[in-house]
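Order of the sequence lines sets the chain letters (A, B, ...), proteins ahead of strands, with each chain counted from 1.
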Amino acid sequence: AQKVTQAQTEISVVEKEDVTLDCVYETRDTTYYLFWYKQPPSGELVFLIRRNSFDEQNEISGRYSWNFQKSTSSFNFTITASQVVDSAVYFCALSEARAAGNKLTFGGGTRVLVKP
Amino acid sequence: DAGITQSPRHKVTETGTPVTLRCHQTENHRYMYWYRQDPGHGLRLIHYSYGVKDTDKGEVSDGYSVSRSKTEDFLLTLESATSSQTSVYFCAISESGQYNSPLHFGNGTRLTVT
């Protein structure tokens, strides 16, 4: 069965530091997508990025970047030069091609606290 | 923002009472989902729907039922609420059932069962 593990429960940094969030997943499917969501203190869930299993090219989008390594089943997410507004809970999620209905499996989340 | 409205936003109820949560969408998306969020567990799928009157169970469906009589509405019912169902419930929608399609979430309903 699919599984997503976010070993870090909470990370605290000072503003302008970089923050890297770890995500490790398990799946028997060879075709899948990985996602990152953000949940700010206001409680809503916001889709950030997605990556398919065939594209291991790392990318940068503004202050966000992600490192996808199929060999280690990891999909890490980095916030560069963190800001107070980045304080939130971040969730990693997996969607398998063979699973009908696009059902996402989420990790337990990592709470990021950015102090001024 | 995706047009998803959950109601009520907060509810306190007693053990053994029935509770219905509503999710309403204005996007005309075919797929709708109910998740619950609990500390340490992230979000877990309760039920989902792939069309009017078409629903299926998720990972934690025991004690819950759903109904979808219209494209825009997806109801989650706790037939007899228990304290273990105290949680934050999120509704989500997806334009397609394809695995590459991100889910878009409502603002959640905080349910407390006393």
Side-chain angles (χ1 to χ4, degrees), chain A residues 1-10 21-55 68 88-111, chain B residues 1-6 8-10 23 27 29-51 54-61 66 68 74 87-111:
Chain A
Q2 67 274 23
K3 185 179 179 181
V4 177
T5 302
Q6 295 179 251
Q8 307 150 306
T9 55
E10 186 165 322
L21 309 180
D22 297 333
C23 173
V24 174
Y25 61 91
E26 297 176 26
T27 177
R28 294 183 203 162
D29 206 342
T30 57
T31 305
Y32 50 89
Y33 255 80
L34 294 159
F35 301 81
W36 278 98
Y37 282 81
K38 174 182 179 181
Q39 185 178 42
S42 51
E44 72 273 22
L45 282 151
V46 179
F47 162 66
L48 293 177
I49 58 170
R50 62 181 168 181
R51 202 84 189 140
N52 75 60
S53 53
F54 296 107
D55 187 357
F68 174 37
V89 180
Y90 291 82
F91 293 97
C92 181
L94 165 72
S95 177
E96 298 174 315
R98 66 175 185 174
N102 189 25
K103 300 184 287 289
L104 290 190
T105 298
F106 285 82
T110 298
R111 182 177 301 276
Chain B
D1 289 345
I4 308 168
T5 304
Q6 292 186 231
R9 293 296 315 278
H10 303 271
C23 178
E27 306 296 320
H29 285 353
R30 180 181 170 193
Y31 287 80
M32 299 185 75
Y33 308 78
W34 278 107
Y35 281 84
R36 61 177 288 174
Q37 181 181 7
D38 303 289
H41 291 279
L43 286 91
R44 292 178 292 175
L45 180 65
I46 304 172
H47 282 280
Y48 73 102
S49 170
Y50 47 97
D54 292 324
T55 64
D56 204 352
K57 296 179 180 179
E59 178 188 357
V60 290
S61 60
V66 290
R68 192 163 177 205
F74 192 32
S87 186
V88 180
Y89 291 86
F90 284 95
C91 174
I93 64 174
S94 176
E95 186 169 6
S96 79
Q98 296 301 311
Y99 69 106
N100 61 343
S101 181
L103 302 189
H104 297 281
F105 287 84
N107 288 330
T109 294
R110 183 173 295 276
L111 176 67

Worksheet item: Quick one: are A:Gln39 and B:Phe90 in side-chain contact, heavy atoms under 4.5 Å?
Response: yes

Practice prompt. With sequence neighbours left out, write down each residue that passes salt bridge (Lys or Arg N to Asp or Glu O under 4.0 Å) with B:Arg44, or none if nothing qualifies.
Written response: B:Asp38

Discussion item. Would you compute the distance between atom CD of B:Glu59 and atom CZ of A:Phe106 and round it to the nearest 0.5 angstrom?
Written reply: 11.5 Å

Item to complete: Answer with side chain, backbone, both or neither: which region of B:Leu45 has an atom nearer than 4.5 Å to a non-hydrogen atom of chain A?
Response: side chain

Worksheet item: Under the 3.5 angstrom rule, does the side chain of A:Tyr37 hit a backbone N or O of B:Leu103 as a donor-acceptor pair?
Response: yes

Practice prompt. Sequence neighbours left out, what passes salt bridge (Lys or Arg N to Asp or Glu O under 4.0 Å) with B:Asp54? Give chain and number order.
Written response: none

Worksheet item: In residues 21-32 of chain A, which residues are in contact with chain B at a heavy-atom separation under 4.5 Å?
Response: A:Thr31, A:Tyr32

Practice prompt. Sequence neighbours left out, what pairs pass salt bridge (Lys or Arg N to Asp or Glu O under 4.0 Å) with at least one residue falling in residues 31-54 of chain A?
Written response: A:Arg51-A:Asp55, A:Arg51-A:Glu59

Worksheet item: Got B:Tyr35 and A:Leu104 here, is their nearest side-chain heavy-atom distance under 4.5 Å?
Response: yes

Discussion item. Just so I know, are the side chains of A:Asn102 and B:Tyr31 near enough to count as touching, which here means a heavy-atom distance under 4.5 Å?
Written reply: no

Worksheet item: Quick one: what part of B:Ser94 sits under 4.5 Å from any heavy atom of chain A, side chain, backbone, both or neither?
Response: side chain

Item to complete: For chain A, find which of B:Arg110, B:Gln98, B:His41 contributes the most heavy-atom pairs closer than 4.5 angstrom.
Response: B:Gln98

Worksheet item: For B:Ser96, is it the side chain, the backbone, both, or neither that has a heavy atom closer than 4.5 Å to a heavy atom of chain A?
Response: backbone

Worksheet item: Do you know the tightest heavy-atom contact between A:Phe91 and B:Gly42?
Response: CE2-CA, 3.6 Å

